[in-house]
Amino acid sequence: MTRSSDRRVEIRRDPLLTEKLVYSVGPQHPSLPSPLELRVQADGELIERITPEVGFMHRGVEQLVTQRNYAQAAGLLSRCEWLAGSNADWLVADAIERIEGITIPARAQWLRTLVLELSRIGNHLFWFGNLGLEAGAYTPIFISLREREMLLDLLEMLSGHRHHHGWIVPGGVRTAPPEDFSGHVRAFCLWFQGRLDEYEDFFSDNAIWINRSELIGTLEPEFAFEHGATGPVLRGSGIAHDLRRDQPYAMYGELDLHVPTGEYGDVLDRYRVRFVEMRESLRIIEHCLAYIDNGELRNAEVNPDFAQMAVSRGEVYTAVESPRGELGLTLVSDGTNRPNRMHLRAPSLYHLFLLDELCRGYLLADLFVIYGSLDIMIGEVDK
Amino acid sequence: MLPMLAILQQRYDMDEARTVWEAMRAWLNTEPLPGLRFSPEVANGIMLVTALLLIFLLELMITIGLQVWERRLMARMQGRRGPQEYGEVTPQRFRRIFMQIGVLIGLPALLYGINYWTGGTAGWQQFGGWIILFFAVGMMGLINRLMILPALGRMQAAQTSVWRFLATLLSLLAWPSLAACGGMLVALLLGFIPKAHIPFLPQLTVLCTVVAFVLYMSYMLRYYWRQGFYDTIKIFFKEDTVPLSADKLLYLIAPILVYLPALLSWVVIPFGVAAVDGQIIYYMIQDLNVGLLLIIADFAMFLVAVIMSGYASNNKYALVGAMREAAMLLTYEIPMLMSLLCVAIFAGSLNLTEIVQRQTMTWGILPLFPAFIIYFVVSLAETNRPPFDLPEAQNELLGGYLVEYSGMRFALFYVAEYSNVFIVSAIMTVCFFGGWKGPMFLGPDGLWLTSLFWFLLKTYAVCFFFIWARSTMPRIRVDQIMFFSWKFLLPASVVVMAATALGVVNRHPWFSANQIAVSDVDVTALQRVTQFQTLTTAEALAVMTVPEKAFFWGYNVLCLFFGLFILMMAWRILFVARRHPQPRREVSWTG
């Protein structure tokens, strides 16, 4: 099967000059979990153009953080991407550490790696359930959310919070993991392996799902690269780009990472890439567990009160491989305990504006599957 | 061929009143109350109104039941707590088990009472094998329910594996099977006390049974079924909105037109059969010779009404939904017709009762297996059930043609949909699973009950597969549905129909294994074997042996105990309102 044989329909000029339908999908629509409007111009059910209208959830986070201290800024930023909030915590901590030149103890690094990977699995689980709903299957959301509950219990055990952990702070991590934490995580990993196999049996190999996703929404690698796609979307198109491997942070440099890539850049490839990523994350977590029991939690030289921490003048860009792609943070600090300027580079923003290209020539029913395969988080887009 | 026709002729001549409808007509014509006579027109009117009311009530009940059952079953399959199950917490378990044991004792007594009052008798010949079967199924179900499912517990994910599915199915069957087993056993044991008619025993047992049953139902109403009835009541009183830009007339009559064919199809479905004075009465409104044709025509009407609603709503989503429905129904009607034609060719009739009678020896599914598969797939599409629910796709088209409707008009679409599910399952039962046929374990006088039992059992078993498909499959895309029907189902159904026709014409043994049998008539011809004597309690006790006395007292005391217990529970359930807090979520997966 070659790329040219995808299922896109050529859009021709209509000799009858019939009127085009413009569907207004959203901002309230069961398929869009966050407020977003898609103006879909279609010929019957054949999509010709999609215009995303964003801004329904704009909170002005980038302005708000300049009026708050760094601890509060980290909390606000993690509310831009609430399904894997630890990524934003890590970004703020890492930016400060780079400016101040703080070193982090090895145990804290391993713990950070562990939390980031747990967050990744949690995010992908939510994505899986949501994608099932987009495709019209009612069961995946229930089974995946049940697994995610257990994962959130783990994170709650660690940090005291289910979603916005605030556990990664400059110089290390906030608290020590509870007793027998690694045992709990190990039990979860063991158990979750079996659940992943069950998902594969249940959904990945379903003939209807394969038909719905194969060669649908194909994304050319060049196009994806030029338009700033990152993460699983870019990897689904065949470009093995992963910040964890290419620009290692935390303890990823110590790990032997396998970067899964797709072949055709269709919905199925993106789906499979995320599934392999979940297995990879499990492997990484099991690797981390050997190192998290002994050592220092936090660099003793750092001010233990995050809220009072003043950061010296400087500017830095740091990026993390979030579950959706490259989540970057530009921090301009001016020597006080408030950031002068913060900018979040949100992968979802770039992916959302790929939607027009991806959906053109497909049917209305494909729009939702394609949208689900991009895993767009409106909190990141609107900020 | 001629002898068969002769048998048919003979049998049909014997029946004067063939349906409930005609029995009612006869009754109305014979001065039902002293001095009350109806002209034929008035009698017809009364019958029509009564029949419509009956169908409406029946349909509403079955629809609500089906929907509630579906929610509960889907919750079980998805390994979550269903909307009806929030009250089912640990402190309740003890009470629930006692309630179920009460039914376990009570239901057999009911069976015994019915058997007794209808004059039936019981013997090992009729009961033995069934008791063993039911007991085995019940015990397997209990083991699954009480030991294996909790052991799998929260550790297991959704019940998608075959083992999980079987365990669930068996656990659902546990209590009914044990109840049936116990009922038969008790009836059998009491049948073995032929020396005396024990006064008050049947009355007592039946009283206990009725109390137990009503209370168990009230328990179910409290925790499982109540939501369905609340939803129905709520939706009756919701505001009926009409969009300003709608085509008002069409918009308002479309739900009625959707509902009408669903109502009409009930007329020809044979639910069961009864023997009254050596005559057969079918439980159906009208035994039409073109019953199958009527049902196919009803589905065609459904299409018109749906397009009407989609157009009249003046909404893009509704229009697209209606167009999808039109395309899909037109596409799938031809394979449906073809697969039902196979049945008609095989049975030699479009009359549903004759189709059932034709399957006395073998169910139609054996010779007509390919036609059954085609019909099953097509019926999923005809009733808009997942994975073919794209006309009303919730997360693409926001409900499609339903999007502008509210209140009872909206509900009518759903009543029609669930009623269609039941009708389609009933058609499958009639055409492929032998309708009401089955072992008539209650004897000739209990024919009405056993036939209803088998018919409903088979129909709900088919409904189960509809629900299973819903919880398992993603939605198919609109063009793939067309391809599937035109390129696969249509040619396949043509081939299957041709093969069936050739087989029947050439008298292939595969298709001629069925004989027109008269088992229903034979059953009615069975005579009562044992006559009970009428004795007083004292006389009866005087002639009883010791084990019989022990059984007599033990059973009575047991019934009384459970009766009292159930009465107490009834008081608490019905009048002492108590909220049960949500159980604390337990982290059991850490092992």
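Residue numbers start from 1 in every chain, and the chains themselves are labelled A, B, ... in the order their sequence lines are given, proteins ahead of strands.
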**A/Ser213: partners by side chain to side chain contact (heavy atoms under 4.5 Å, CB included), with sequence neighbours left out** =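 Counting only residues at least two positions away or on another chain, A/Ser213 forms a side chain to side chain contact (heavy atoms under 4.5 Å, CB included) with A/Trp209, A/Val267, A/Leu268.
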
**Item:** Residues which pass side chain to side chain contact (heavy atoms under 4.5 Å, CB included) with A/Asn130, listed by chain and number, not counting sequence neighbours
**Value:**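 Applying side chain to side chain contact (heavy atoms under 4.5 Å, CB included) to A/Asn130 gives A/Pro33, A/Glu134.
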
**Interface residues of residues 372-388 of chain B facing chain A - non-hydrogen atoms under 4.5 Å apart** =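 Answer by number: B/Pro386, B/Pro387.
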
**Request:** Sort B/Arg324 into side chain, backbone, both or neither according to what part of it lies under 4.5 angstrom from a heavy atom of chain A.
**Result:**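 The side chain, not the backbone.
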
**Heavy-atom pair count under 4.5 Å with chain B, highest-scoring of A/Val22, A/Ile141, A/Leu145** =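 Answer, by heavy-atom pair count under 4.5 Å with chain B: A/Val22.
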
**Request:** Could you have a look at A/Ile208, A/Val369, A/Leu133 and say which one has the most heavy-atom pairs with chain B under 4.5 angstrom?
**Result:**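 When all of A/Ile208, A/Val369, A/Leu133 are compared, A/Ile208 has the most.
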
**Prompt:** Which of parallel (below 30°), tilted (30 to 60°) and perpendicular (above 60°) describes A/Phe275 and A/Tyr199?
**Reply:**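 Geometry flag for A/Tyr199 against A/Phe275: perpendicular rings.
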
**Request:** Return the orientation label for the B/Tyr401 and B/Phe413 ring planes: parallel under 30°, perpendicular over 60°, tilted otherwise.
**Result:**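 Ring orientation, 0 to 90° scale: tilted.
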
**Prompt:** Excluding sequence neighbours, so at least two apart, what forms ring pair (Phe, Tyr, Trp, His ring centres under 6.0 Å) with A/His29?
**Reply:**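 If we apply the ring pair (Phe, Tyr, Trp, His ring centres under 6.0 Å) test to A/His29, skipping adjacent residues, the hits are A/Phe368.
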
**Message:** For A/Glu200, is the CD atom crowded, meaning more than 12 foreign heavy atoms sit under 6.0 Å from it?
**Reply:**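 Counting other residues, nucleotides and ligands, CD of A/Glu200 exceeds 12 neighbours.
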
**Request:** Answer yes or no for B/Arg470 and A/Tyr138: cation-pi contact, defined as NZ/CZ to six-membered ring centre under 6.0 Å and angle to ring axis within 45°.
**Result:**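 Yes, B/Arg470 and A/Tyr138 form such a contact.
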
